[in-house]
Student: 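Okay, here's the structure, questions in a sec.
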Amino acid sequence: MTALTPSQTPAWLALEAHARATATLHTRALFDADPQRFSRMHAELPGLLFDYSKHAVTAETMALLQDLARERGVPEARAAMLRGDAINVTEHRAVLHTALRAQSDTGLVVDGQPVYPLVQAELAKMQALSERLGRGELLGHTGEPITDIVNIGIGGSDLGPVMVSEALRPFWREGLRAHFVSNVDGADLTGVLGRVRAATTLFLIASKTFTTDETLTNAHSARAWLLHQLGAGPEAVAKHFVALSTNTAGVVEFGIDPANMLEFWDWVGGRYSLWSAIGTSLACVLGMEHFDALLAGAADVDAHFRDAPLDQNIPVLMALLGVFHHNFRGAATHAVLPYDQHLHRFPAYLQQADMESNGKRVRRSGEDVVGYETGPVVWGEPGTNGQHAFYQLLHQGTGVVPADFLVAARSQCPLGRHHDKLVANCFAQTEALMRGRTLAEARAELRSSGLPPDEVERLAPHKVFPGNRSTSTFLYEQLDPRTLGRLIALYEHKIFVQGVIWDVNSYDQMGVELGKQLAKAILPELDGQGEVLGHDASTAALITRYRDLRRG
Ligand code: G6Q
């Protein structure tokens, strides 16, 4: 990899000059000038189309971005990740979520251990658990079959399973339900416990480290509730608690037999862990065949990412387009807009995946702070709801917000003309964002509605849409497990490529540590009596006021 700061590389400088020279180009004009624009600016996987022709970029932009990818060593970095090099440099760890979904043994060895057999052994355990559940053979303490799975975890040990379980609701097995508890706010656990019966509930305690305070607090409360409800002693725990973790000692200390533990490894990052034992809730509620299909979909994309040339490589294209908008066009955020109600947690999932990975300001070597934008704010809501809320800003606001639109050709829940209407809205939005509406068009439209000339002039400026707002469209056959696996993996690899270009370590999360440490210090002070010392005046006053208010 080059020793130059990314923003000093020839390709970066060329992109800066190019961005200045093309600042006034309008995508509408680019379409008008080139009827072949779509055919040249899309890429495909079986059953999935990625259309990026509505981005405000030219063929030259794309060529320069590919130069940047090469100069930043993206192909070499990709090879290093896939062969298990310790690319998580701050934690000296390999980054091998791709190995979790490998469809055959490639001979990968990490820390002296062949990876494939390890992964397969855990998958076999997941399958056994899932099958016993499916057959109604997994019995609780009282002998009743388990019907409800409660996953207790947070962050990477929650967001992936929640998102996938919601996305694949039509694939849930009959008679089984999954629930998720993450927040240490007692409202979360209380809400879920109000919907399940202790005798028929299995708790999955999902924590890579098994030290996360929120998860352990929820797990302890869940255990106390269970034993109280069943009127049983600790012997009931074995029938109702399973641990998903890398930390056997922590699991034992909590009181879960290691026989009831599904394991994963420190080369699986939390936000990349849904493919591991952390996905057990999914294997349970969807059935193993659907979990396997999810893995297979991700593996399809791993192969595509590894083999496709850069200019046809969807995650690479996604990453490069993002870099162009964030670093050369001033976009600070990135919207993810699924026209798919079941993907309603997808933006939240990607928020963690992206912002925890690339929300960094120190270069990988630690030698200096970057002098350019890195990870954007990622946000979004499903369409069409968003259209009646924040799309106003996307169309007519002052900022640039590149956006991803995702939509299926076949609905998971066909109902009359609903799906065609959904799709029509999706396509209409990307067209409107790209084309905009000129002043002349606004005037003509107002005139044709019969308004007097002075009203036309008064209103026309408000009806102007600048257009030229960049969007990608992902059009896929249907949101099934394999397609979802593909979509997630596309974003994972996009994040990886951007991290390489920005020269940040996408695989640590030091930024979540400081708040955790301070919370530990403050907790005992909430019960204190005297003066609050050692804090700034605001924090001290808040602690004191909290003590007063809590007393009532
Ligand atoms: C993800 C992060 C973080 C983590 C949670 C839960 O990449 O590391 O979100 O997943 O803090 O951690 P545990 O799984 O260790 O409880």
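Counting starts at 1 for both ligands and their atoms, following the listed order.
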Student: Could you tell me whether R482 and D300 make a salt bridge, using a distance below 4.0 angstrom between a side-chain N and a carboxylate O?
Tutor: yes

Student: So, do F50 and Y52 have ring centers that fall under 6.0 Å from each other?
Tutor: yes

Student: Could you check atom 12 (O) of ligand 1 against the protein and tell me its nearest heavy-atom contact, residue, atom and distance included?
Tutor: T212 OG1, 3.4 Å

Student: Checking side-chain polar atoms at under 3.5 Å, does Y372 have a donor or acceptor matched by the opposite partner on T5?
Tutor: no

Student: Would you mind checking which non-hydrogen protein atom is closest to atom 11 (O) of ligand 1, with the distance to 0.1 Å?
Tutor: K516 NZ, 4.2 Å

Student: If you have a sec, work out which protein heavy atom is nearest atom 1 (C) of ligand 1 and how many Å separate them, to one decimal?
Tutor: E356 OE1, 2.9 Å

Student: Working note: V407 + D340, criterion side-chain contact (heavy atoms from CB on, under 4.5 Å); need CA distance, chi angles, decisive distance, verdict.
Tutor: CA-CA 6 Å; V407 71; D340 213 316; over 6 Å; no

Student: Who's closest to atom 14 (O) of ligand 1 heavy-atom-wise, of G153, S157, G155, S182?
Tutor: S157

Student: Can you check whether T215 has an N/O within less than 3.5 Å of an N/O in ligand 1?
Tutor: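 Among all N and O atoms of T215, none is under 3.5 Å from an N or O of ligand 1.
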
Student: Please check if any side-chain donor atom of E131 sits under 3.5 Å from a side-chain acceptor atom of Q127, or the reverse.
Tutor: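 Judged by distance alone, the side chains do pair up.
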
Student: Checking a contact table here: which protein heavy atom is nearest atom 9 (O) of ligand 1, and how many Å away?
Tutor: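 Residue, atom and distance for the closest contact: Q352 NE2, 2.6 Å.
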
Student: Going by the angle between their ring planes, with limits at 30° and 60°, are Y507 and Y272 parallel, tilted or perpendicular?
Tutor: tilted

Student: In terms of residue, atom name and distance, what is the protein heavy atom nearest to atom 15 (O) of ligand 1?
Tutor: T209 OG1, 2.6 Å

Student: Heavy atom under 4.0 Å from ligand 1: found in Q509's side chain, backbone, both, or neither?
Tutor: side chain

Student: Can we call the ring centroids of Y491 and F346 under 6.0 Å apart?
Tutor: yes

Student: Starting from atom 4 (C) of ligand 1, locate the nearest protein heavy atom and write down its residue, its atom name and how far away it is, to 0.1 Å.
Tutor: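 Residue, atom and distance for the closest contact: G156 N, 3.8 Å.
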
Student: Of all the atoms in ligand 1, which lie at a distance below 4.0 Å from a heavy atom belonging to G270?
Tutor: 1 (C), 7 (O), 10 (O)

Student: Return the closest protein heavy atom for atom 6 (C) of ligand 1 as residue, atom name and distance.
Tutor: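 Of every protein heavy atom, I154 O, 3.2 Å lies nearest to atom 6 (C) of ligand 1.
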
Student: Output, in order, the C-alpha distance, side-chain angles, deciding distance and verdict of side-chain contact (heavy atoms from CB on, under 4.5 Å) for T333 and W379.
Tutor: CA-CA 8 Å; T333 81; W379 60 282; 2.9 Å; yes

